[in-house]
2 protein chains.
Amino acid sequence: MVVPLNERKEQILKAVVINYIITAEPVGSRTVARSHRMDLSSATIRNEMADLEEMGYLIQPHTSAGRVPTQLGYRYYVDNLIDIDDLSADDEMAISSSLSTEKMREIEQIINNSARVLSSATNQTSLVMGPQFQKSAFQHLRILPLDDKRSLVVLITDTGFIKNKVIEMQQQLSPSELHQVVSYLNQKLYGLTIDQVTTSLINELKRDLFRRLEILEQAFILLEESLMEEKQIRVFLGGTTNILNQPEFKDVDKVRRMLNLFEQEPLLFKILEDASSEDDIVVRIGAENEYEDIKECTLITGTYKIHDKTSGIVGVLGPTRMDYSRVISVMRRLVDYLNQNLSS
Amino acid sequence: MVVPLNERKEQILKAVVINYIITAEPVGSRTVARSHRMDLSSATIRNEMADLEEMGYLIQPHTSAGRVPTQLGYRYYVDNLIDIDDLSADDEMAISSSLSTEKMREIEQIINNSARVLSSATNQTSLVMGPQFQKSAFQHLRILPLDDKRSLVVLITDTGFIKNKVIEMQQQLSPSELHQVVSYLNQKLYGLTIDQVTTSLINELKRDLFRRLEILEQAFILLEESLMEEKQIRVFLGGTTNILNQPEFKDVDKVRRMLNLFEQEPLLFKILEDASSEDDIVVRIGAENEYEDIKECTLITGTYKIHDKTSGIVGVLGPTRMDYSRVISVMRRLVDYLNQNLSS
DNA sequence: CTTTAGCACTCGTAACCCCAGAGTGCTAAA
DNA sequence: TTTAGCACTCTGGGGTTACGAGTGCTAAAG
């Protein structure tokens, strides 16, 4: 469907894209002519650019201006022309030091820190989603009596989540009864993902145990509730102010819409999940995004894994005029890091 | 020190402040003259306004413009002239419904929701600080063996915090040994605030127990670490986009500085804590704030209590031209709500 | 002594115009 | 097929002008 361009057109398109990414100004034929390895006059370039415009890869903001890449132009660039360089030594240093210096035991800290690193290395806004509790596998359940009435239910997953909840029970259980119940539950639930712990499964377990221990009813209700509650997932943002540096957001109204979006976590989660793919970095340019508010933006996403299982998503959001090459290499680096460090 | 104004000057000052709060435009003598209960000609008002300017309560952006309140003007208004109305029935409805509809068991949810309510009811940015872990009193410590090596340490405070941490121990403790240690610790620590659990106290306890149980060393290290780690406190923000609606933030640069501030949680915490007072709503206008970035803003803070003990701070931040009356009444309402609902 | 009407004055804003500069498309020559 | 040349278009900045809102002052009125 996409007609491949001839070599010269490709070079010109690439030059326009790269130049525009840097300057944010429409790129004229002279500029392209002067650019690296381009032994052609501006007139020739002008003709080619007119062709590229007709084909939909470039556009002129007004008659006497240079050209700007269209969404299609960026797409062709990303698919066929982009050079993804390794990170410079400086960048590499900066990134690995800010990833490792902080003592990051807790998973939340790692995620939060990742968002910071990603945004500062790309000068864009970053979105980082933690491991999905839903997809984590059940590992331990413990019930810990606190006093006459209250107990603490603790739930631990393979991805390192520790969820807890204080529950109230009418009667005290004897230690042995408690032990019995808890080991039964652990046996039944071990290895299941949280998604798989459905209401019907819980009901079934409840029936089994009910005959023996009526007291636990409330514990079950609360367990169930707490599982439901966790549907919403935290998305960590980094560098939200970076969008203000982009000239395409000099309009206060656009900024408002954007920041408004940032306040809606569940929506961010959906956007990230819809955009991402299991095992590759995905680039969504402009209207390729389904959500109205980011139709003038590019969203680049990557996924990381814990124990070889897809687990969380990292994203970078900015104007379509974005340094694709840099963002992609930084993201690769970060995903590698997360893959390695979250599994241990 | 502050000379009280005569009745007429007060009325004029009040009219200027109220008008300016609504329109965000400099207020001219004609406007004041036409305003409610003001049977004077504009010329008279002009004279009075010239006086008020000389006294430092008003200022002219330029010679041929109306007047705008100065920081001093707002201060006089807040201290002497403000009418704090009860919330309208509509507002009352809106606020109490959004406070109560959500099922809000977890303390984080209550706090987060409060931030939302506060910002949407005032059209400003809100800052809400959760109960301070530091000031909470120790209630329970439990150690829960998970498997051969790992145990879960759980710490519960009177304000409802549940902190936990997985620790690794070289040797397994027998249940009775564990019980012994834990009940000793609970006995020693019960009722102390987290602030009071100093390193030296921990060391002392460690010495006591060490002789008996060397194994716990790592547990102690981790306990200590976890206490230190919690120094940073979460501040929940609401309506960060609201500042964009204020004409004083039409300058992108100011917006950037502001949003930048919002990303620095520890700083927000300090600002809130410095501004607030134990048991009253505090209004800090303009340069009364010590932090450079909010010297053109007003910060209004209130504190709520859990079990009659000061516990958290709520704040509203916006331009000095802010609806003081409304913000104060909404905040009163919210603080009442929190006082009631967090103690149970 | 206080208030008010009248008036000249100030200053910011918006509208307008003009011009330079950048970049184009087209034509004709190489 | 490429390029030089040229006329044309459009934006943006700078300068000028006209308008209007609001002032301070003066002198008259209460």
Side-chain angles (χ1 to χ4, degrees), chain A residues 5-13 15-20 22-35 37-70 73 247-248 250-252 321, chain B residues 5-13 15-20 22-35 37-70 73 247-248 250-252 321:
Chain A
L5 301 172
N6 65 41
E7 169 105 11
R8 196 165 72 184
K9 282 201 175 57
E10 287 197 337
Q11 283 214 353
I12 292 173
L13 176 56
V16 172
V17 170
I18 290 177
N19 223 291
Y20 185 63
I22 297 168
T23 64
E25 296 287 325
V27 183
S29 53
R30 273 186 61 93
T31 316
V32 175
R34 272 196 305 264
S35 99
R37 287 266 160 238
M38 199 72 78
D39 289 331
L40 291 170
S41 75
S42 64
T44 312
I45 309 253
R46 270 205 290 287
N47 288 327
E48 295 285 38
M49 282 166 88
D51 289 354
L52 283 168
E53 177 161 13
E54 207 167 336
M55 294 169 159
Y57 295 109
L58 297 178
I59 200 171
Q60 282 183 294
H62 56 266
T63 20
S64 72
R67 257 68 173 209
V68 164
T70 61
E248 22 277 281
K250 67 180 198 303
D251 178 13
V252 186
R321 183 190 61 77
Chain B
L5 301 171
N6 66 40
E7 170 104 11
R8 195 165 72 183
K9 283 200 174 57
E10 287 196 338
Q11 283 215 353
I12 292 173
L13 177 57
V16 171
V17 171
I18 290 177
N19 223 290
Y20 185 63
I22 297 169
T23 63
E25 297 287 326
V27 184
S29 54
R30 273 184 63 92
T31 316
V32 175
R34 271 196 305 264
S35 100
R37 286 269 160 239
M38 199 71 76
D39 289 330
L40 291 169
S41 74
S42 63
T44 312
I45 310 255
R46 269 204 292 287
N47 288 328
E48 295 286 37
M49 281 166 89
D51 289 354
L52 284 168
E53 177 161 14
E54 205 167 337
M55 294 169 161
Y57 294 109
L58 297 178
I59 200 170
Q60 282 182 293
H62 54 268
T63 18
S64 71
R67 258 71 174 205
V68 164
T70 61
E248 23 276 281
K250 67 179 197 303
D251 178 14
V252 186
R321 184 190 60 77

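Order of the sequence lines sets the chain letters (A, B, ...), proteins ahead of strands, with each chain counted from 1.
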Euclidean distance, atom CE of residue A:M49 to atom C1' of D:dT2 [Å, nearest integer]: 17 Å

Please write out the pairs of protein N or O atoms and N or O atoms of nucleotides 28-30 of chain D separated by less than 3.5 Å, giving the distance to one decimal.
none

Rounded distance in Å - CG (B:N6) to P (C:dT2): 11 Å

Pairing check on C:dC17: which nucleotide meets the Watson-Crick or G-U wobble criteria with it, both distances under 3.5 Å? D:dG14

Nearest whole Å is fine: how far is C:dT24 C1' from A:E53 CD? 10 Å

Between C1' of D:dG22 and CD of B:E25, the distance in whole Å: 13 Å

Should we count CG of A:L40 as having more than 12 external heavy atoms under 6.0 Å? yes

Length of the CD1-P vector between A:I45 and C:dG25, whole Å: 13 Å

Taken to the nearest whole Å, CG/B:N19 to P/D:dG22 is 11 Å

Checking the side chain of B:T70 only, and the main-chain atoms of B:Y57 only, is there a donor and an acceptor separated by less than 3.5 Å? yes

As its Watson-Crick or G-U partner within any shown strand, both distances under 3.5 Å, C:dA28 has D:dT3

Side chain to side chain contact (heavy atoms under 4.5 Å, CB included) against A:N47, all qualifying residues, sequence neighbours excluded: none

Rounded to the Å, how far apart are B:E54 CD and D:dT23 C1'? 15 Å

At under 4.0 Å between heavy atoms, which parts of nucleotides 4-23 of chain C does protein reach? Answer with one letter per nucleotide, 5' to 3': B base, S sugar-phosphate only, - none. BBB---BBS---------BS

Atom CD of A:E48 and atom P of C:dG25: how far apart are they, to the nearest Å? 12 Å

Checking N1-N3 plus N6-O4 or O6-N4 for Watson-Crick, or N1-O2 and O6-N3 for wobble, each under 3.5 Å, the partner of C:dC9 is D:dG22

What residue among B:L13, B:V68, B:V17, B:V27 forms side chain to side chain contact (heavy atoms under 4.5 Å, CB included) with B:L58? B:L13

